[in-house]
There are 2 protein chains.
Amino acid sequence: MLAQAPRNAMTFTAGHAGARVPAAAPVFAPTQPHQVQFYHANAEIYGQGEKARALYQVEFGAVRIYRLLADGRRQISAFHVAGEVFGFEADGQHHFFAEAICSSAIRIYRQPIDADIAREILPVALKALVRAQEHLLVVGRQSAAERVAAFLLDMVERQGDLPNIELAMSRTDIGDYLGLTIETVSRVFSKFKEKGYIRLTGARAVDIVKVEALASMCS
Amino acid sequence: MLAQAPRNAMTFTAGHAGARVPAAAPVFAPTQPHQVQFYHANAEIYGQGEKARALYQVEFGAVRIYRLLADGRRQISAFHVAGEVFGFEADGQHHFFAEAICSSAIRIYRQPIDADIAREILPVALKALVRAQEHLLVVGRQSAAERVAAFLLDMVERQGDLPNIELAMSRTDIGDYLGLTIETVSRVFSKFKEKGYIRLTGARAVDIVKVEALASMCS
DNA sequence: CGAACCGTTGATGGCTGTCAATTTTGGTGG
DNA sequence: CCACCAAAATTGACAGCCATCAACGGTTCG
């Protein structure tokens, strides 16, 4: 199901890449040269069990963080888009997989974590924790329609509150994020369209017509 | 459903309490006097929206961290037992509720978070993040039986891998943790008992008879 | 002894997963 | 520009798991 693409090879120093891509503000000041690496769709950024030795920041594109069960069931615990930092792990080891959803550029910070760095990234880690726990409420206690509504609103918010959103991820990704099947996700999309809550200008291009209607579903 | 008990009043300085309770190692060296506070069952430790100004460590007892939907649906994102630290929040504000499950003693650290503290608690926060994301896989992608099995194994591990576990929490709590109803939780317990995986010496006293059988369900 | 709470068990229905077929989309090459 | 193709998405039929509603047993406490 998941393409196991080889690691991407293209590499630029930050100085070069920074001049060309919409620059996201670095989370902490680099003390050594760091890189911006490009990944094509479905390329693995790191894998479960790998030694964790860096932090990652999305320059452009999108990333999924996920975990697998032995039989292939997958749970995506987070999506990350431009500007967001990911890759902190306990035990110096990655407990999850990270893959590029589409063509993406990732800035990689390889510093060891000293006290100053810790102070800078702690808030980011805590935000991720809050997000994960909030997502738990969605997945654990909300209906399929409520989950999709919450997802759409989250996407709207992340893309600057503009009502026209362009989803980087497939229905499969959305399902694995929300704990649903693709069919259920698709059916909810259709139902929302039917009710006039959204418009689909393409499979992954969604216009939010009635934000309030969606918002009222999430309580 | 949830008793809104008033804040507990009994307060001791750490020096006194530390001599009497099974001392959990402090996570970081206190620079000011800190307290151990006692809470009775269902007492609120902090509430959603409150200003966050401390970290908490369980001396004894157990704590649930949860969030509510408007209609009362509840998702418990974590349980905490002796030794564990909780209460870190983003934005200087609590996004969740914390309540004592049973009579509990909580050590409260009120230091501001400077760089050294951040370095000390970052690993703890990261561990919490990993836990939350792993729990997401359980809730999002596993069946009722698999969820309960995962829960029981987690409890076994936390109580030192002894096969006789004493659950602090009710079936309602377990259900709200696993994203299930109490009836389903109860039915799974019965099924496990029937199959000889567990023995129930009391409603909340569980002997794990076949760890491997449970473990094999969680993949 | 009665009340309240917790946990268990049973009957039933609905939501969502599964399986399958079809349509749409997006990309490629003629 | 259009035809063609593979992948993605949609839609339908059906089944199964789990939620809901309900009744009952056990325990604790006043």
Side-chain angles (χ1 to χ4, degrees), chain A residues 1-3 5 40-42 69 71-75 101-103 138-149 151-152 166-195 198-206 217, chain B residues 1-3 5 40-42 69 71-75 101-103 138-149 151-152 166-195 198-206 217:
Chain A
M1 177 164 74
L2 299 168
H40 55 263
N42 302 315
L69 288 171
D71 59 7
R73 281 176 289 176
R74 184 178 71 157
Q75 177 67 44
I101 293 174
C102 52
S103 292
V138 173
V139 170
R141 284 301 181 205
Q142 300 201 243
S143 70
E146 290 169 330
R147 296 184 210 189
V148 173
F151 167 76
L152 288 174
E166 186 66 37
L167 300 175
M169 65 290 289
S170 67
R171 296 287 187 274
T172 302
D173 282 341
I174 299 172
D176 285 350
Y177 177 65
L178 298 176
L180 300 169
T181 60
I182 51 173
E183 292 93 335
T184 300
V185 172
S186 182
R187 271 186 260 269
V188 174
F189 269 83
S190 297
K191 205 186 69 183
F192 284 174
K193 191 173 64 175
E194 201 175 289
K195 289 193 177 181
I198 63 173
R199 248 192 314 262
L200 293 175
T201 59
R204 301 190 183 182
V206 186
M217 302 182 60
Chain B
M1 179 164 70
L2 300 171
H40 56 263
N42 302 314
L69 288 172
D71 59 9
R73 281 176 288 176
R74 183 178 71 157
Q75 177 68 44
I101 294 174
C102 52
S103 292
V138 173
V139 170
R141 283 302 181 203
Q142 300 201 245
S143 69
E146 290 169 329
R147 295 185 210 189
V148 173
F151 167 75
L152 288 174
E166 186 67 37
L167 301 174
M169 65 290 287
S170 68
R171 295 288 187 273
T172 302
D173 282 341
I174 298 173
D176 285 349
Y177 177 64
L178 297 176
L180 301 169
T181 60
I182 51 173
E183 293 94 333
T184 298
V185 172
S186 182
R187 270 184 259 270
V188 173
F189 268 84
S190 297
K191 205 186 69 181
F192 284 174
K193 190 172 64 176
E194 202 175 288
K195 289 193 175 181
I198 63 173
R199 248 193 313 265
L200 293 174
T201 59
R204 300 190 185 182
V206 186
M217 301 182 59

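Letters go in sequence order (proteins before strands), and every chain restarts at 1. Small disclaimer: the values here were computed from a predicted structure and weren't measured. Computed from heavy atoms alone, side chains included, the values below leave out hydrogens, waters and symmetry copies.
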Think A/Thr184 has a side-chain N or O under 4.0 angstrom from the OP1 or OP2 of C/dT16? no
Quick one: A/Arg141 CZ to C/dT16 P, roughly how many Å, whole number? 14 Å
Mind calculating the distance between CD (A/Glu183) and P (C/dT23) to the nearest angstrom? 17 Å
Distance in angstrom units between B/Met169 CE and C/dG7 C1', rounded: 16 Å
Please answer whether the main-chain N or O of B/Glu183 pairs with a side-chain N or O of B/Arg171 as donor and acceptor at a distance below 3.5 Å. no
Do you know which two heavy atoms are closest between A/Leu167 and A/Phe189, and how far apart they sit? CD1-CZ, 4.2 Å
Regarding B/Ser190, tell me which of base, sugar-phosphate or nothing describes its non-hydrogen contacts under 4.0 Å with the strands shown. sugar-phosphate
Does the base of C/dG10 carry an N or O that pairs as donor and acceptor with the side chain of B/Arg187 under 3.5 Å? yes
Should B/Phe192 and B/Leu152 count as side-chain neighbours, where that means a heavy-atom distance under 4.5 Å? yes
Contact class for B/Gly179 (heavy atom, under 4.0 Å): base, sugar-phosphate, or nothing? sugar-phosphate
To the nearest angstrom, the CG-C1' distance between A/Leu167 and C/dT25 comes to 15 Å
Could you state the CD-P distance from B/Glu194 to C/dT8, rounded to the nearest angstrom? 13 Å
Please state how far atom CG in A/Leu180 lies from atom C1' in D/dC17, giving the value in whole angstrom units. 15 Å
For the pair A/Arg141 (side chain) and B/Leu180 (backbone), establish whether a donor and an acceptor sit closer than 3.5 Å, ignoring hydrogens and angles. yes
5'-most by nearest nucleotide on DNA chain C - A/Ala145 or A/Gly202: A/Ala145
Of A/Thr181 and B/Leu200, whose nearest nucleotide on DNA chain C comes first from the 5' end? B/Leu200
Need one value for B/Arg204: base, sugar-phosphate or nothing, where a base atom within 4.0 Å counts as base even if backbone is also close, heavy atoms only. sugar-phosphate
